[in-house]
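Below is one structure, written out as structure tokens, with a few remarks after it.
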Protein chains: 2
Amino acid sequence: MSLSPPKYAADVAKVKSEIYEADGIKHESVDSKVTRVAEATRMDGSRDENAAGDFLASSHVASNVPASMLPLNPWITPMLTDFYQLTMVYAYWKGMRHNDHSVFELFFRKNPFQGEFTIFAGLSECIRFITNFRITENDVAFIKTRMPSETSQDFFDYLLGLDCSDVIVHSMAEGTVVFPRTPLMRIEGPLGICQLLESTLLNLTNFPSLIATNAARMRLAAGEDKILLEFGLRRAQGPDGAMSASRYAYMGGFDATSNVAAAQAFGIDVKGTHAHSFVSAFEGPEQLQDRSLGECKDFWAVAAEKRAQLKYPAANIGELAAFVAYAQAFPDDFNALVDTYDSLKSGIPNFLAVAVALHELGYHARGIRLDSGDLAYLSVKTREMFADAAKQFGIDLSYLQIVASNDINESVLASLDEQGHSIDIFGIGTNLVTCQAQPALGMVYKLVEINGKPAIKLSIEFKKVTIPGKKHVFRLIGMEGVALCDVMVADHEDPPVVGKRLLCRHPYIDRKRANVTPSYVIELLRPIFIGPERRVAPEPSLNEMRDHVRDQLTLIRNDHKRALNPTEYKVSVTNELFTFMHDLWLEKVNVAELE
Amino acid sequence: MSLSPPKYAADVAKVKSEIYEADGIKHESVDSKVTRVAEATRMDGSRDENAAGDFLASSHVASNVPASMLPLNPWITPMLTDFYQLTMVYAYWKGMRHNDHSVFELFFRKNPFQGEFTIFAGLSECIRFITNFRITENDVAFIKTRMPSETSQDFFDYLLGLDCSDVIVHSMAEGTVVFPRTPLMRIEGPLGICQLLESTLLNLTNFPSLIATNAARMRLAAGEDKILLEFGLRRAQGPDGAMSASRYAYMGGFDATSNVAAAQAFGIDVKGTHAHSFVSAFEGPEQLQDRSLGECKDFWAVAAEKRAQLKYPAANIGELAAFVAYAQAFPDDFNALVDTYDSLKSGIPNFLAVAVALHELGYHARGIRLDSGDLAYLSVKTREMFADAAKQFGIDLSYLQIVASNDINESVLASLDEQGHSIDIFGIGTNLVTCQAQPALGMVYKLVEINGKPAIKLSIEFKKVTIPGKKHVFRLIGMEGVALCDVMVADHEDPPVVGKRLLCRHPYIDRKRANVTPSYVIELLRPIFIGPERRVAPEPSLNEMRDHVRDQLTLIRNDHKRALNPTEYKVSVTNELFTFMHDLWLEKVNVAELE
């Protein structure tokens, strides 16, 4: 038995038409949630025959590229690669194998954060990189200095002429909920160029997927009704560690960022209050040169009077002056950081004095930010103090919000939820943007087929053996509208069909198998870059990708998504693929000789 | 008692001349190691009166900047900031305080990796950022959309006119071994502009310092005689997560990187072998279209013959073909990844067959790379197999090297060292570049003085209280040529003098104090950017900074540097500073009222 050879663009049409049959059945059998998700999956290419024409927008590969298709960072060039890619390509070229037809898959083996799901992100950057792939004279001049002196000029000419016009990429949509071992991207084409893409594609998907997953997990832990702010710029791993974090945290479910450049570049909402230094910069009202606010000639006096009425003798006068100064600048967006001296004895009373004064003048303060101490206790206490002040002054202060922002991570969110708290908004920095709980994802890029013959990467650890051959991935949805399992199908096999029972097998453990009858079938790997036809799928907007994450997550059962001891999601192969892989393994690995 | 007001550039000259007096004494009392370090400290500015003229190279700030002074990443602009910096500056501007004279310090509170030292890095990027600081019309157009609608155009005009021409920066040299709480950078100037620098300076120093420290720790764990390669591109946190990692790992003591772009941009040596996919791409000699190597018509036959003589029947024939193909391309740089099938039964025998064949033809293979399994055992076993083959063929193979590269971190290095191994070269990726053991450093930026008055940031945790006022930092070196302690000295105090006893006190604990008589005094904070004079210190080369790290580390006692339970290095303040800080604290914090 052998898997079929690649069929290039022809098979795109075949799989698409097969999927459309499945679609036909779906409309009679699935509920509205699935329909909504099906709509959302359009972003990775239309699932509609009428739209097939514009599914792949016309675009020149690596020439006349509009600015909107350039990578976000100028370091993203073919030189952002491991040197061994160049040495391997030289060895392939020298052995006349650089044009062998190859199929690579990009996947990971283990979900991050001890969880059972991952959000796939970074695809847009990958496609921009692929579209613009070109090695320059300058690059070659550098490469020459690092290659054996006898290296032929013909090899450098080959590098100079390389682009991705012979490469075909299939991919899951950016923002898809994904699982271990299934190909997230499949890259086909000449061995030389496909090999050269490896390191860059891994770099461009690993961290984005990790951040998006981290953000999605924090969103699940916080609940849909909380506002989540990304505050990580200062602790991020470099400038675009910060930019990527802002972008992919938003994709994963955050609402806004503090990072102005990210807000400007990506259209994300931007939020912020003030720092401790702002408070430290005031010693008292003598530093308020102008004490007015709008019609009010002496806003300081009004605030000071309110504070006297609130009766908190320990409240710091410099802090009150700082709050007054800040409220003068932002009377309708006054948010105070309250822990410079003592949150309960100074910061909140001072805030309330200013908030009540603003209220009387017809403004609305925004709220406070807690940045130290026991956030659950302090938030509950703060809410009580808000209520007491409202009562004392006979006004409604229910619009005041509480932001919390000190070393928050997924387990702090869960623990706060358990204890009970009054926080409306979480500002999360270090733990989000550096993914402290697990700062790297193990995305890999493996050769699965060469010249039509499946390739297998063996390993002493059987679970590290790659699943050989070019394949397709389908998500099988059950009667209740949730995902039952993902199944990998060999290229020449028929795709799963709605209403038809399919034996799905665990890729490594022969006892684990299930008959699955899907009510709906989603094809996950879709054509996205067709070099030979100079076509590339349109890039979804960041908001579309963010919506896709949210919609996708509703398809996944809660027990797969929970933080503690989640259930493993079933990732399976067809019986044929299982048998093929195991036979190939037995054939390639010698039986140990014990003497 | 109060600390003196800022004296700007004038005090540079004063402190410099005092230090030169100390220098005069030093030459009679310190050993050559200290002299060497003194030489190295020149990179942060000359310590030589004759060189005082060219200490600060003439350069226009923010105009006619040469490309070599531009930040390495285009995201490094004033917009790479937290939004609250802009809102605070608006509040300062509205309250007419934006031109108040301020002094900020950049420091951290806790060494990373449970260690007792840190390498300060990222300064060059900070200075490039400061030199080029300018808010554009485009930036202002964006900021306008996020500010209250009534914000005056005058404020935006103020932003458009901002640069660092009134800012003075003192800093420790990049690559200095530093300790908690001492200012690494001191930024003085108008409150508005100094506040706007915060987030960007933190982003530009946090990760570089973390990576450089991580690399320096790995260098200490591996020992000076090993070669350390940075292999982290694919797992790094984004493209310049990777670029920064390559740059600062090199600074911290690594020898080379796999990242071609980093090698090209920073002049770092680049290394690499091949991947598993290269081996998987070969099934046997039928894929070798040309079997020759130089004069040898059938190099495959020679290698196959050697393998038959080596008698390892389980060695995979596809792997041998892959090695032959790679050796044909790199006969004098042949490095084989040996674990695609089985390191001992297949990879190493196949490598040896090719290496012996190369040797007979007058070439020299480089060695092998182990990428899985028990690295200590496998490396020892590999060395034995090398020796056996050398004996069998009667040749010298002692030049063969062993590279190891699977999930290596600082504790693996220590554990390998304990077990005994035969590895020459370590390739380190994820753990190095993402700083898995602690992916973020807590650098902070605090206001310490405003309009000549010391500012203090209070905190319920006393150890988080900032040390108020503008100050200087000196490293006091003892008779044996190692650092005794760092001491912070108030701006108006005299600097420590060689041979003169100085009471050094722990900043927080009044019982902890010591009389220190230095044999040599190093001033750590040095002028680096003098905006009013349009002068900026020359940027050292990456290699100079790398040398500085190594030299600096020799000044620090081994017990401070060891991985397990290191001794805390003494960071102290003068008696005057101690008393001043504690008095200020008592004055600012109310006595609790218990009723």
Side-chain angles (χ1 to χ4, degrees), chain A residues 73-76 79-84 87-88 90-91 94-96 142 146 148 199 202-203 206-207 233-244 258 260-261 264 270 272-278 280-281 289 314 325-326 328-330 341 430 434 436 439-440 447 450 455 457-458 590, chain B residues 73-76 79-84 87-88 90-91 94-96 142 146 148 199 202-203 206-207 233-244 258 260-261 264 270 272-278 280-281 289 314 325-326 328-330 341 430 434 436 439-440 447 450 455 457-458 590:
Chain A
N73 183 304
W75 290 120
I76 304 175
M79 298 296 270
L80 190 69
T81 191
D82 290 305
F83 185 57
Y84 79 176
T87 61
M88 275 192 278
Y90 176 56
K94 211 170 156 58
M96 288 166 276
F142 176 75
R146 297 301 193 273
S199 301
L202 291 174
N203 180 276
N206 260 322
F207 184 58
L233 168 61
R234 63 190 59 194
R235 303 285 171 84
Q237 299 202 346
D240 69 19
M243 295 299 287
S244 307
S258 66
V260 182
Q264 188 179 20
V270 67
T273 55
H274 62 80
H276 295 110
S277 65
F278 188 84
S280 309
Q289 300 194 31
Y326 200 78
Q328 287 177 303
F330 299 97
Y341 300 105
T430 315
T434 66
Q436 208 145 24
L447 181 71
I450 180 105
K457 191 224 159 212
L458 301 173
N590 293 300
Chain B
N73 183 304
W75 291 120
I76 304 174
M79 298 296 270
L80 189 71
T81 190
D82 289 305
F83 185 57
Y84 79 175
T87 62
M88 276 191 277
Y90 177 56
K94 211 172 155 59
M96 288 164 278
F142 176 77
R146 297 300 193 277
S199 302
L202 292 174
N203 179 275
N206 259 322
F207 184 57
L233 168 60
R234 61 190 60 195
R235 302 286 170 81
Q237 298 203 346
D240 68 21
M243 294 298 287
S244 306
S258 66
V260 182
Q264 190 178 17
V270 66
T273 54
H274 61 79
H276 295 110
S277 65
F278 188 84
S280 308
Q289 299 194 31
Y326 201 77
Q328 286 176 302
F330 299 97
Y341 300 102
T430 315
T434 67
Q436 206 144 24
L447 180 71
I450 180 109
K457 192 224 157 212
L458 300 173
N590 293 302

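Remember, it's a predicted structure, so these values are computed and weren't measured experimentally.
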Only pairs of heavy atoms separated by less than 4.5 Å count here; which of [options] has the most with chain A?
options: B/Ile76, B/Asn73, B/Thr434, B/Ile450; value: B/Thr434
options: B/Leu447, B/Leu202, B/Asn203; value: B/Asn203
options: B/Lys94, B/Gln264, B/His276; value: B/Gln264
options: B/Gly238, B/Ser258, B/Ala91; value: B/Ser258

Using every non-hydrogen atom in the two residues, find where B/Asp240 and A/Asp240 come nearest and quote the distance to one decimal.
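B/Asp240 and A/Asp240 have their closest heavy atoms at OD1-OD1, 2.6 Å.
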Of the non-hydrogen atoms in B/Ala455 and A/Ser280, which two are nearest, and what is the gap between them?
CB-O, 4.3 Å
Interatomic distance, [X] atom [atom1] to [Y] atom [atom2] [nearest 0.5 angstrom]:
X: B/Tyr326; Y: A/Thr87; atom1: OH; atom2: OG1; value: 3.0 Å
X: A/Phe330; Y: B/Met88; atom1: CZ; atom2: CE; value: 10.0 Å
X: B/Tyr90; Y: A/His274; atom1: OH; atom2: NE2; value: 16.0 Å
X: A/Ser244; Y: B/Trp75; atom1: OG; atom2: CH2; value: 9.5 Å

Counting only non-hydrogen atoms closer than 4.5 Å, does [X] touch chain B with its backbone (N, CA, C, O), its side chain (CB onward), both, or neither?
X: A/Phe142; answer: side chain
X: A/Arg146; answer: side chain
X: A/Leu80; answer: both
X: A/Thr430; answer: side chain
X: A/Met243; answer: side chain

Looking at B/Asn206 and A/Arg234, would you say the former's side chain and the latter's main chain have a donor-acceptor pair under 3.5 Å?
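Judged by distance alone, yes, a pair lies under 3.5 Å.
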For the backbone of B/Ala236 and the side chain of A/Gln237, can you confirm whether one donor and one acceptor N or O come within less than 3.5 Å of each other?
no
Closest-packed option against chain B by number of heavy-atom pairs under 4.5 Å, given A/Ser277, A/Pro239, A/Ala440
A/Pro239
